[in-house]
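Okay, structure first, notes after.
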Amino acid sequence: MSRTVVIDPITRIEGHAKISVYLDDTGDVSDARFHVVEYRGFEKFCEGRPFTEMAGITARICGICPVSHLLAAAKTGDKILAVKIPPTAEKLRRLMNLAQLTQSHALSFFHLSSPDFLLGWDSDPAKRNVFGLIDANPDLARAGIRLRQFGQTVIEKLGARKIHAAWTVPGGVRTPLSEESRQWILDRLPESFDTVNLALDLFKGMLDGALKSEINVFGEFPSLFMGLVGADGKWEHYDGHLRFTDSDGNIVADNLSEDDYANFLGEAVEPWSYLKFPYYTPLGYPDGIYRVGPLARLNVCDSIGMDAADRELQNLRDLAQGVPTSSFLYHYARLIEILTCLEHIQALMDDPEITSSRVRSQAGVNSLNAVGVSEAPRGTLFHHYKVDDNGLIESVNLIIATGQNNLAMNKTVTQIAKEYIHGIGDGQDIPEGFLNRVEAGIRCYDPCLSCSTHAAGQMPLHIQLIGADGNLLTERYRD
Amino acid sequence: MSVQNQPTATVAPEKPQKSASDNKSKKSDNKSKKKESDRRYKALDMTMKRHHYEADALIEVLHKAQDTFGYLEEDVLRHVAKGLKLPLSRVYGVATFYHLFSLKPGGEHTCVVCLGTACHVKGASELLADLEAELGIKVGETTSDGKISLLGARCIGTCGLAPAIVIDEVVSGKQTSEETIKQIKDALAQ
Amino acid sequence: MDINELHAMAEQEQLRRKPHRIRYCTSAGCVSAGAIAVKDGLKAAVKDGKLDNEIEISSVGCMGLCARGPLVKVEPSEIFYENVTAEQAASVVSTCHGGATDAKVSDLEHPFWKLQQPIVLENRGRINPERIEEYVQVGGYQSLHKALTDMTPAEVVEEMKKSGLRGRGGGGYPTGLKWETVAKMPPGQKYVICNADEGDPGAFMDRSILESDPHRVLEGMAIAGYAVGATHGFVYTRAEYPLAIKHLQKAIKQAKKFEFLGSQIFGSGFDFKVDIRIGAGAFVCGEETALMHSIQGARGNPRPRPPYPAASGLWDCPTLINNVESFANVAPIVRNGGDWYASIGTEDSKGTKVFALTGKITNTGLIEVPMGTTLRQIVEEMGDGVPDGGVVKAVQTGGPSGGCVPADLLDTPVEYKSLLKLGAIMGSGGMIVMDEGTKMVEIARFYMEFCREETCGKCVPCRTGTVQLYELLDKISKGQGTAKDVEQLEKLSYMVKEMSLCGLGQTAPNPILSTLDYFKQEYLDLLQSPADLNGNKIEATANAPSA
Amino acid sequence: MSVVTLKIDGVDVAIAAGSSVMQAAQEASVEIPRLCYLEGLSTVGSCRLCVVEIAGINKLLPACTTEVREGMDVTTQSPKLQDYRRMVLELLFGEGNHVCAICVANGNCELQDMAIAVGMDHSRFPYRFPDRKADLSHTQFGIDHNRCILCTRCVRVCDEIEGAHVWDVSQRGEFCHITSGLDQPWGDVDACTACGKCVDACPTGAIFRKNDTTGEKVGDREKLEFLVKARENREWVR
């Protein structure tokens, strides 16, 4: 008898979602779906507000990566003012985003995902978390926590708060970087480099050994990749233009402007999820599947442009023997990006202009329609506002990184479920470790569901087994 | 309320003119000429003069304006503000404080349902609900054809006849929904 | 005008009169019951019978028994007819010459009439309000003459103090003391205001007085002006009372013509003029500071007191402000002396009080009873109780500011103190009878809806407290409330009562608090689950009727 | 000038006759919560936060409009007052749409300060979520009615200090709102001199400078007092 397994909600991600695993008559997996079941109304309740508030409002979508929204909102605001922001303001915004990528990736790797790698897929779920990691490998855990703290502290030193620092504003940023803060960052950089190198070495070792098979199972499929690249084709996180590449490394589209996103990005809707399904319109839905985020950014750029990071990028490409197309390698890509960020931060700290106090351009409303883009830890983030003559928001569209990986995430859970779950008989439980692997497939993308659905909710776990006739067979909850 | 909108008859023939001045064609020369030629403004000016253009006479003047124009349109409020040398916001604040002043045109006919305690105790709320259903409008609104406005009153002081209604100035007591609806239909038919 | 001319005017009016007079009531109540058709019938009968020289058809103001209108009175036989129809008009006319009529004769021995003691309403059914001559004929303006010529202002104030009259608008502040305060303010511009902004739903005493006997109010105001040293008076009246406005305007014109108003009245050095100010639909303007703002052409926002109007009122000048009924009591007090007035009523409350008796009661109408009359006498004897054998559940006094007195407390005398003790108030005189079918939570909600819509919005507790109170009552009355909501309702009620700026907010929670006092079980019965937060079944403890 | 002596929370104060209890409290360094009161403007006594207990008077009276009397014994803090003030603030928070997190005045808001002062951390009354608008039509300033508490400081400062009377209150009761001109967009009101005094007078983030973002409005409220005194006493130096 066929049935469905539902994992609801998925743990160790930001937000609330569930996975349904559909079993066929033989107890094998026929399909699996990743549902996002929260809903929030950000796009709606921004209407009528001054555009200057958008950074503050949209940052509240998420407590993990508010900086991404701050930047996208500020950049959209810049375009409404139609100003060029002072050079130092741009550098400081970059600094904050680099710090944010660092802290978010550190959180994803050390706190959320490494317990699976280091303690084992099938280890006791009660200990398969950052606290278990502290018990098992206190030095690594502490280093990871301090690396995240480094990123957060840089954000705090710029914006006066660790989260929701309303510091980026249309026209620039609110306060300059103090010499004291610059010095603090310089002092903490070496330790941060050490930590990321330690993690890289550890993880690379596992990819050659314990985690070798996962690469072929966790989202290994061809797709497009999208991300920002600099004018010179280098890795980019703040500005530049959009580029699509395919699994063979060909450039499918280049020099795309975020202003024209509606021309190449479509958004499909499925009745079983509040999360929209963006796709690359020239290829249609669902063939226009593309991935964004750390791995995509590394795939679309020609090179990173930083010595150490480029060495690691080459290593990744060698490992994949071309374009890395397994989503399991997002974890690796994240570590490479942390290294990239640290190198960029180092460079910015050496820039004498970085502490300049000219950080804000003033202007009135000059443009009524604007799109801003930034690279969030999880991928490309678009903010699109239409305002009236006075700058009150008339409509908002937010295209969130996680949503763009929605098709890929669904494909990944199906792939994993089919690999690990076989011949489940009536009344028979699925081994917890298998379910954990299915969840881990989602965690590769480090999804931020709060962002992507603009939703509110808690994050316990709910698994359902549903038969082919649609009847619920068993349920499991995790609080 | 019962005493407002009484000049409906005098206002009605001048409606085209009024809607012309409603048009926000901001050609001030044209407009001021129109004003001069509009005897309603003259009537208003006379009232202001009688009150020596005292700011304290604002409510008296607004009463006159409402009687003359049927409601307080924006140009009228500006005219009053200018005449009494008052800030626009002060005039607007007063005009919107008092329920008898209306900034929108009312219907040709009015039906006021008394909602005082005595009437309430004797079923005025149910009566009002029936009228709302019949006319397809809520209390305080005017039918889309501009024929009739349905209004509520605090207490018209005829508690002995509760529940009471006032249709075009005529008070009727001890009403049932059927009786009131019939009276409304009669009024509309006239 | 001097006193001889005044007497001559009265005599002339007496001489002018025809042997018979038929009076028909022109108040709103009788008019909407068909009084105009009756009048036409009476006039036609007189014309057809060629009785023009013998019978005069004349209007009078409210005669009180509004439930049985149209009312017609025949003079000099002093017979009242009730529910007169146009068809009966001719036969009523015929009674002047011994004819018979099937029109129903009112039983003047009924407690409705017997228990009344008209002072304010003493001219009820006796004069045509639109003719000053008739007012003078019944002794009008003689009190003004007496005050101006025989008394000093201080003596007038003294008589008012002696009378023990307390403000009839609801507050109950001793009128004489108020006059004295204004009188003692340094000489200069002072004002007298008559508050005729009778806004309580279910109250129409002031309307009736202004419609039926406007000169009495003007005379009272003029005497007050003399006593306190004011030369200018305002009557602030509701626009909803067009007939009262019309009669008052006419009365002022006539009084000016005969020099009862104007300069050097009765040859004294006293000047006094009266202007009418018409409200525009704002209940809060019954509050004296709001009313003064409104007279000055501003939003009717109250302001904190002190300073009281007696010290700083209209245009910051000392201002005496009393309501219609208070001013209507002045002429009789000056005529008969304060001691006379003080001999009526009780120790706590002197004189008489006019009530508008409405709601679920047989004899709706306007009554004037001596203070100390019990609610039971009023409701059961005078009002003949609930129609169709219903049972009285409660009597509401004081409108949105007042409270509900339950049926078992009906033996309470009408007095300021005893009503206050029950959580009700004397109020301006609205008295609404509720029967067993009346839902008390619904009544509280009705009054709160009123306050919510009528609050001026200036102070926070009243502006937003009334909204929250209404929402709580609405929730409870829809059966969606919890024990916590009832608790919150009570707490918020006390807060709004104590924290609000003016009388509107300070009394707005009274209907809630008094129904919570006497009918709490009705609230509890409406709760989602009749259990408190600890899961225990909740029942009201005190004064809960068995319902 | 005659002087009266009174006690405020047990502290003896001597102050000129005609002063308010509020001024006497300031003299005695006693903080009385308030929102509609602003030194330099006329008093209206509408927020009711400054109500105090006065021995021998069974009514609560607002400190801002109550004149001092010889021998008065004033209590500014009591459990009852604290409880009522808290309720007033809860009503205010429930009445508008006060989202501190994104407000220009966050961290520099008198409403927020008062909530902290009386220990109000949540409202026990349901939020009303009124549908209110923001007006950014002025070239320099904006008004967001969501954050307005109707203290009327803007109305008074514009009328009494600047003399422009751009603002007034319109409608009644729960529908009251601050109106510019004939209910026009602020930017269309000819009378506005763009002096910005209303921005400084506003206790919340309702009136603000247009480029201000979250937490950036730092109102200079003493400036009005300074300005009034400067004009009265010809002292142009702070």
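Chain identifiers are assigned alphabetically (A, B, ...) following the order of the sequence lines, protein sequences preceding nucleic acid strands; residue numbering begins at 1 within each chain. The structure presented is a predicted model; accordingly, all values stated were derived computationally and were not measured.
Salt bridge present: B/K147 and B/E108 bring a charged side-chain N and a carboxylate O closer than 4.0 Å. Look at C/R445 and C/E442 and you find a salt bridge, because one of the NZ, NE, NH1 or NH2 atoms lies within 4.0 Å of a carboxylate O, short of that distance. At a threshold of 4.0 Å, the pair B/K182-B/D186 counts as salt-bridged, since one of the basic side-chain nitrogens sits closer than that to a carboxylate oxygen. Taking a cutoff of 4.0 Å between a charged side-chain nitrogen and a carboxylate oxygen, C/D474 and C/K478 qualify as a salt bridge. By the 4.0 Å N-to-carboxylate-O rule, B/E73 lies too far from B/R78 to be salt-bridged with it.
Proximity to chain B (any heavy atom under 4.5 Å) is restricted, for C/A67, to the backbone atoms N, CA, C and O. The contact between C/R207 and chain B is made entirely by side chain atoms (from C-beta outward), counting heavy-atom distances below 4.5 Å. Contacts between C/S27 and chain B at a heavy-atom distance below 4.5 Å are absent for every atom of the residue. With a 4.5 Å cut-off on non-hydrogen atoms, C/L357 does not touch chain B at all. No part of C/I36 comes within reach of chain B, as not one of its non-hydrogen atoms sits under 4.5 angstrom from that chain. Interface remark: C/F450 contributes backbone and side-chain atoms alike to the contact with chain B (heavy atom separation under 4.5 Å). At a 4.5 Å heavy-atom cutoff, the contact between C/I432 and chain B is made by side-chain atoms alone. For C/E198, no part lies near chain B; criterion is any non-hydrogen pair under 4.5 Å. Contacts between C/R68 and chain B at a heavy-atom distance below 4.5 Å are absent for every atom of the residue. C/C456 touches chain B through backbone and side chain together, each having a heavy atom under 4.5 Å away. For C/V284, the part lying under 4.5 angstrom from a heavy atom of chain B is the side chain only. The contact between C/D200 and chain B is made entirely by backbone atoms, counting heavy-atom distances below 4.5 Å. Of the two parts of B/L86, neither the backbone nor the side chain holds a non-hydrogen atom closer than 4.5 Å to a non-hydrogen atom of chain C.
Not a single donor-acceptor pair under 3.5 Å links the side chain of C/T515 to the backbone N or O of C/M440.
Annotation: maximal heavy-atom pairing with chain C below 4.5 Å, among B/L115, B/V170, B/V121, B/T96, occurs at B/V121. Among the candidates C/A33, C/G300, C/A282, C/G34, the residue making the largest number of heavy-atom pairs closer than 4.5 Å to chain B is C/G300. The greatest number of non-hydrogen atom pairs below 4.5 Å with chain B, out of C/T358, C/N301, C/T364, is found for C/T358. The most heavy-atom pairs under 4.5 Å with chain B, out of C/M205, C/R238, C/R277, come from C/R277. Chosen from B/K122, B/E54, B/E60, the residue pairing most often with chain C at heavy-atom distances under 4.5 Å is B/E60. When the candidates B/A55, B/G93, B/S172 are compared by the number of heavy-atom contacts under 4.5 Å with chain C, B/G93 comes out ahead.
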Walk me through it: do C/Y241 and C/E211 pass the test side-chain hydrogen bond (donor to acceptor under 3.5 Å, both in side chains)?
CA-CA 9 Å; C/Y241 288 171; C/E211 282 178 4; over 6 Å; no

Before you tell me yes or no, could you show the steps for B/E134 and B/K185 under salt bridge (charged side-chain N to carboxylate O under 4.0 Å, His left out), namely the whole-Å CA-CA distance, both residues' side-chain angles and the distance that decides it to 0.1 Å?
CA-CA 11 Å; B/E134 173 72 20; B/K185 283 186 176 154; 3.8 Å; yes

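The CD1 atom of B/I137 lies 7.0 Å from the CD1 atom of B/I148; values are rounded to the nearest 0.5 Å. Atom CG in B/L103 sits 5.5 Å away from atom CG in B/L77 (nearest 0.5 Å).
Side-chain atoms of C/T507 and C/N510 form no donor-acceptor pair, as typed in the model, at a separation below 3.5 Å.
Between B/F101 and B/Y71, the distance separating the two ring centers is not shorter than 6.0 angstrom.
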